[in-house]
Amino acid sequence: MHSIIFLYVLVLVPFTVSIWPIPRQLSTGSTPLKLSKSFNVVVNMHSTPQDLLDAVARSESGLKSDSFERLVVGRGSADSTAVHRALSLDALVLSLDSGRLIRSVADEATVSIASRSESYTLSIPARGQARLVANSTLGLFRGLATFEQLWYTLDGDKYLLNAPIEIADEPAFPYRSFSLDTARNFYPVDDILRTLDAMSWVKMSVLYWHVADSQSFPLEVPGFPELAAKGAYSKEEMYSVNDVELIIQYANTRGIDVVMELDTPGHTTAVGFAHPEHVACAGKSPWAKYANEPPAGQLRIASNATVEFVKRVFQSVLTMMTSTMMSTGGDEVNLPCWEEDEETIDVLNKRNIAIGEALNEFVVAIQGVLKANKITPFIKGDMILTHNVPVTNDTVAVVWQSSADAAGIAERGLRFIHQPSNYFYLDCGAGDWVGNNILGNSWCDPFKTWQRAYSFDPYANLTEAQFPLVLGGQMPLWSEQSSSENLDSIVWPRLAVAAEVFWTGGTLPDGTSRLANNVTGGRAAFSRLNELRYRLVDRGVKAIALQPKWCVLRPGECDVDA
């Protein structure tokens, strides 16, 4: 016992827990502990789903292959004596609470958003066996992600300095997402899979896939091969049915649901490459009069043939999905596009209805397809706040234009997710991308730093009675200036902020507010996010540096008030 106490004295370098997202409840000790050379993960259940076994195998492999050293001056050399004398952890034992139904991680990740169980408890003693217990295999999967972040490498040993550790954890919000636009520029499947891996490491639960837009239609839709054949940039830049199946399966087995968005009726010019009869003002100039960005064109909402066509396309896309959610989009529709379209005006006059009525009918018809298939419809917030379209009570709104819009959606009693451009847009701040605009900035300037995103309060301007309407939120990457070459660096590690905002919620495990002063300082969140960034790089994700390494190794010394 005296020798162990002596070890504590030898650990001179300050140590803090650097888990991201930080658990809801966390207690630690001060005893060094290392993984036994024979360490393994044991699953204690009578019938283990294959995707959980695969996750365990990845964890065991990662724990052996990760080479991450502690981010301190000397990279952990001061820990060597403590590590040498530390007792060993022999195993991590996984089990479900008694009586719980055993289902695959993929099945648990795709049940209705309100029914998902991701809670877990993790107990790591100062020697012997650790225990991970959950209500579901998805909870066990989340706990594995936490366990993997606890260990450092020194001279071939994997160790930590703060046993025993007790964690009781669950998400504050079920919906924690990354929205990826694959239409402005194309991302190969491998890019998406790598992103899904990184998302799973920080417990994100949804990939919101904005798969098509005005510029291209890269999605192969069963029964409608012409959409991608004529709408994709090339045959190499499209997602086949097999690609979609692979991406969704890969995501689901990593605890991530895939919510596909087919934006309608705006942002649909690419549909006209194969079906010009369904698109108004296609390519019309000047584009700025008829669309928010080139090329102009949106669906002929008043045409019964167009409505029936779009319904069939949605019905076909649903056959590829495992999710209980899908988005019909709805942002940035342009009235002059329809007002100057002869075919649309002719139908409106014959039926003696206005454009607003035709828009209402279109939305009801398309969302009706989702409802008939027991799919929860998502729609962009401006459809509700600006155009006042009718939606069913279970519709989920995407609040994107401004965080201030959340209150208006909540007043209508609708559930919603946060995606505000003034906090979460990953593509802001790179300058304008249109030509002949020398001094142009991006419309959502400035660049959204991780600290700006971290300061977001999901309950701002809401009454307590409206809090349950918040499902969570997502950070989007619109791809006008992004592609495979900069995907990792523009997304990571900033995307991880959404993971903590919507997993940990407003209160840190020590009882302090996540929104308190100095919470993003070098000895607080900044230190943990820096560590996550280096762990991502260690695993092959080209996450961008947030500080000079000198600052990273000296937490707090580069704070503005240091």
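The first residue of the sequence shown is numbered 1, and numbering continues consecutively from there. Only heavy atoms go into these numbers, but all of them, side chains included; no hydrogens, no water, no symmetry mates.
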Exercise. Assess whether side-chain hydrogen bond (donor to acceptor under 3.5 Å, both in side chains) is satisfied between Glu148 and Ser59, documenting all intermediate values.
Key: CA-CA 7 Å; Glu148 291 175 30; Ser59 289; 2.3 Å; yes
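Heavy-atom contacts from other residues, nucleotides or ligands closer than 6.0 Å to CG of Asn393 number 12 or fewer. In this structure, Arg58 places its CZ atom where more than 12 heavy-atom neighbours from other residues, nucleotides or ligands lie under 6.0 Å away.
To the nearest 0.5 Å, the span separating CG on Leu193 from CZ on Arg254 amounts to 8.0 Å.
In this structure, the ring of His210 has its center less than 6.0 angstrom from the ring center of Trp478. When ring centroids are compared, His418 and Phe424 stay outside the 6.0 Å threshold.
Relative to the six-membered ring of Trp151, Lys158 misses at least one condition, a distance below 6.0 Å or an angle of at most 45° to the axis.
Within the structure, the side chain to side chain donor-acceptor pair (under 3.5 Å) test picks out the following pairs touching residues 486-497 (sequence neighbours left out): Arg194-Asp488.
Ser136 places a side-chain N or O within donor-acceptor distance of the main-chain N or O of Ser117, the cut-off being under 3.5 Å. In terms of modelled atom types and a separation under 3.5 Å, the side chain of Arg176 and the main chain of Ala499 share no donor-acceptor contact.
The ring pair (Phe, Tyr, Trp, His ring centres under 6.0 Å) search around Phe186 returns Tyr239, not counting sequence neighbours. Under the rule for a ring pair (Phe, Tyr, Trp, His ring centres under 6.0 Å), the partners of Phe224 that lie at least two apart in sequence or sit in another chain are Phe309.
In summary, Lys380 and Glu261 engage in a salt bridge, as defined by a charged side-chain N under 4.0 Å from a carboxylate O. Using a 4.0 Å cut-off between a side-chain N of Lys or Arg and a carboxylate O of Asp or Glu, Asp157 and Lys37 qualify as a salt bridge. Salt bridge annotation for Arg535-Glu531: present, with a cationic side-chain nitrogen under 4.0 angstrom from a carboxylate oxygen.
Using a 4.5 Å heavy-atom cutoff, the side chains of Phe178 and Val491 are in contact. Val537 is not listed as a side-chain neighbour of Lys542, based on a closest heavy-atom distance of 4.5 Å or more.
In terms of heavy-atom proximity, Trp20 sits nearest to Ala525 at CZ3-O, 3.5 Å. Summarising the geometry of Ile19 relative to Pro21, their closest heavy-atom pair is CG2-O, 3.6 Å, with the distance given to 0.1 Å.
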